[in-house]
Every structure is written in C-alpha cells, then in structure tokens.
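In what follows, every chain begins at residue 1, and chains take the letters A, B, ... in the order their sequences are listed.
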Number of protein chains: 2
Amino acid sequence: MTSELIPAEFRGNLGFLVAKAKQLLSDELDVALRDSGLQIRHFAVLSLIRRRAGLRQTDLCEVLGVDRTTMVKVVDDLEGAGLLRREPHAADRRAHALQLTEAGEQWHSRTLVPVMDHEQQFLAPLSPGERALLQEMLTRLVDSALVRSADQKLARHP
Amino acid sequence: MTSELIPAEFRGNLGFLVAKAKQLLSDELDVALRDSGLQIRHFAVLSLIRRRAGLRQTDLCEVLGVDRTTMVKVVDDLEGAGLLRREPHAADRRAHALQLTEAGEQWHSRTLVPVMDHEQQFLAPLSPGERALLQEMLTRLVDSALVRSADQKLARHP
DNA sequence: TATTGTTATACTCTATAACTATA
DNA sequence: TATAGTTATAGAGTATAACAATA
C-alpha cells in the first residue's frame, strides 16, 4: 500500500490519519445534509431522541461532548425547523423532555438514506469483514479512552 | 465486545466513532504539549520542515488543509518561539524558505517522546498486528477520500 | 447547595477581501 | 494574469459568568 497523497512523514502517523479521516468523512456527510441547512450534530440529536424520547438537553450534552449553552442553540435550531418539541418533564420541572415531531421523524428517516450512502462510499475501499473489524477496533479504542478521561475527571474532583 | 460508555444508537456508527476517536486522541496529545503552549499543528509543521527544509508556507497549507492566512499565524507562533526561521527562498523571491532553528530541532525531538507515549497509550487496547492493520485501513480510506475530493475540485474547475 | 435551562458576552478559530511584491 | 505572503475584518463556534426556577 503506497499512498501518493499522504505525505511520507505522516503515513505512519495515527493522529494525522484519524484527524484526516474525520475531516474527510465529515465533509462527505455535509454533502448529504447540504439541502437541509442542518448539520451532523442535529441529525445525531434526532437519532438519540428518536430512540429515547424524553431525554433532557444535558443528557445530549454528555454524549455529544458539548456545553449545555451550546446545546441550547442546537435544540433551538431543531425546534425552529419544527423537527422536535420541548415538552415539560414529568419528573423535573426545571428540565425539558425532548420529543420528535412527526416532521422530525420523517426528516430523520428520509435523511438516513443519503447519510448511509455517503458512509458506504467512504467505506468502499474496505471489504465487509474489514469494515466490521475497523468498527470493533475503533469501539475498543474509544471505550478505553473514555474510561481514561472519566478517571482523570474523578482524580481532579475526588 | 459490549461498550457501556458509547450510546447504543452510535455503537455501529462510523462517523461517531471516528469523530470521538479524533477528539479523544487530540485531547491526550494536548496533554503532551500543554507545557509548551503550542498545539499538534505546530508540532506537525516542525515535523514536515525537519524532513524537508526550505518548504514554503503554502506547501504546509496543502498538507494540513488550512488557508494560507491561517498558516501565517502558525508560522508566526513558531518563529516567535524561536523554533523556526523565515529565510529568503532561492528560487522565488515572493516566498519564504522555512528552516528549523537549533532550538526547533531540540524541541521537536524532545516533544516527540511524550507525543509518542500518548499515542501508544491510546493504542494500548490493540495488539501490534491490529495496530498495523488499523493504520493500513485508515491509509486506504483517507487516500481514497482524498482522490474523490480532488476529483470533485477538478469537476468544479474544469 | 446543586442543577436545568437561558442569556449576554468574550474568546478562539477560520476564511474572504484587498493589498504588495513578485512571477 | 497569477501567485506568495500579509493584514484587516467578519463570521462561526465555543465556553464562562450570571441569572431564574427548581431540586
């Protein structure tokens, strides 16, 4: 395997490869969403609420790794587009229980198709077995790094 | 392999896994650089110039995927820290030939140690064979996506 | 006291436009 | 005409601080 597009200095460099992979995959997914005016982030939020209706905004922050002040804007965007609703939370009157609207449900399933297509295009150089292996290895790496990250936070606030 | 930290909705999601891997690896590498006040980007620039002395700023832009106005600041930072010099370019008087200083050479080789350590820590969950396989698969994916990206640019400017 | 959501605000990052000096 | 580097500037994205309501 000899790449002519990746500089020789960075061919064996995991950081460079992961960062580039992220950038290029994001670019391709942006294409799939370009008509909607929304971003991957909005799609991810709808994906989560679709499966777990009633989540709070802070629940989403934890998963997506953004501040709650940032999440306000994301939820504003989605509510403004009519794709979700902030409803009163049954157990906590401070919080909002987020719910997909019918339009949100439709937009999500409609958008899932081009998103999956672009992901498949990105993965085209790998065989089905390799794709499964890549996914499994990335899961292991991310899981392990999340554990380390959580440990460090606990160490700072004992 | 069952992860408790990755939400079920995103476990099979390549985009999520790649983005998280990038974020977590970046965070760990930032720790390795925290004392210097510099970023991975600065380290990457020095890595390139070290191997290919005399590169222009625009050469770096292409590899790192940033605009030339952004690169000015990065080179300013490195020059301000005394790690590289802008020298006159022998073949083009508009351009700068970038050269590492002695301090730049030393900082790079000194910083390489913690950077590699943190990368190894990140890769710890994988066996040596798996690491090689991951690197090879990511190289294939990035290479293929770079070709598509270049094709699309050519199609827009025929 | 701590937490949820919100606003206002400041900071960072980035690219576009316009300039100069070259090619 | 086009390109290398620079500056000024505007836009996006993000987090910190402070607040009200509630736990």
May I have the distance from [X] (atom [atom1]) to [N] (atom [atom2]), rounded to whole angstrom?
{"X": "A:D77", "N": "D:dA12", "atom1": "CG", "atom2": "P", "result": "12 Å"}
{"X": "B:D27", "N": "D:dT14", "atom1": "CG", "atom2": "P", "result": "14 Å"}
{"X": "A:D67", "N": "D:dT16", "atom1": "CG", "atom2": "P", "result": "6 Å"}
{"X": "B:L78", "N": "D:dG5", "atom1": "CG", "atom2": "C1'", "result": "16 Å"}
{"X": "B:E87", "N": "D:dA4", "atom1": "CD", "atom2": "C1'", "result": "17 Å"}
{"X": "A:K73", "N": "C:dT9", "atom1": "NZ", "atom2": "P", "result": "18 Å"}
{"X": "B:L98", "N": "D:dT6", "atom1": "CG", "atom2": "P", "result": "9 Å"}
{"X": "A:M71", "N": "C:dT3", "atom1": "CE", "atom2": "P", "result": "18 Å"}

Would you tell me whether [X] and [Y] have side-chain atoms, one donor and one acceptor, within less than 3.5 Å of each other?
{"X": "B:R86", "Y": "B:Q57", "result": "yes"}
{"X": "A:R131", "Y": "A:Q120", "result": "yes"}
{"X": "B:R50", "Y": "B:Q99", "result": "no"}
{"X": "B:S144", "Y": "B:R148", "result": "yes"}

A:T70 side chain near D:dA15 phosphate (N/O to OP1/OP2, under 4.0 Å): yes
Any residue of residues 55-64 of chain B with a heavy atom less than 4.0 Å from an atom of DNA chain C: none
What I want to find out is whether B:R34 reaches B:D30 closely enough, with some N-O distance under 4.0 Å, to be called a salt bridge. no
Does this structure show an ion pair linking A:D59 with A:R52, if we count only N-O contacts that are shorter than 4.0 Å? no
What pairs of residues pass the ring pair (Phe, Tyr, Trp, His ring centres under 6.0 Å) test when at least one of them lies in residues 4-48 of chain A, not counting sequence neighbours? A:F10-A:F16, A:F43-A:H108
Sorted by position of nearest nucleotide on DNA chain D, 5' first, the leading residue of B:D76 and B:A95 is B:A95
A:L134 and B:L133, any side-chain heavy atoms less than 4.5 Å apart: no
Where the side chain of A:R41 is defined as all heavy atoms beyond and including C-beta, which of D:dT14, D:dT16, C:dC13 is the nearest nucleotide? D:dT14
Within the 4.0 Å heavy-atom criterion, would you say A:H96 contacts the bases, only the backbone, or no part of the nucleic acid? sugar-phosphate
Report, one pair per line, the protein and nucleotides 19-23 of chain D atoms (nitrogen or oxygen only) whose separation is under 3.5 Å.
residue : atom : partner : partner atom : Å
D:dA23  : OP1  : A:R93   : N            : 3.0

If only atom types and distance count, is the side chain of A:R68 paired as donor or acceptor with the main-chain N or O of A:C61 below 3.5 Å? no
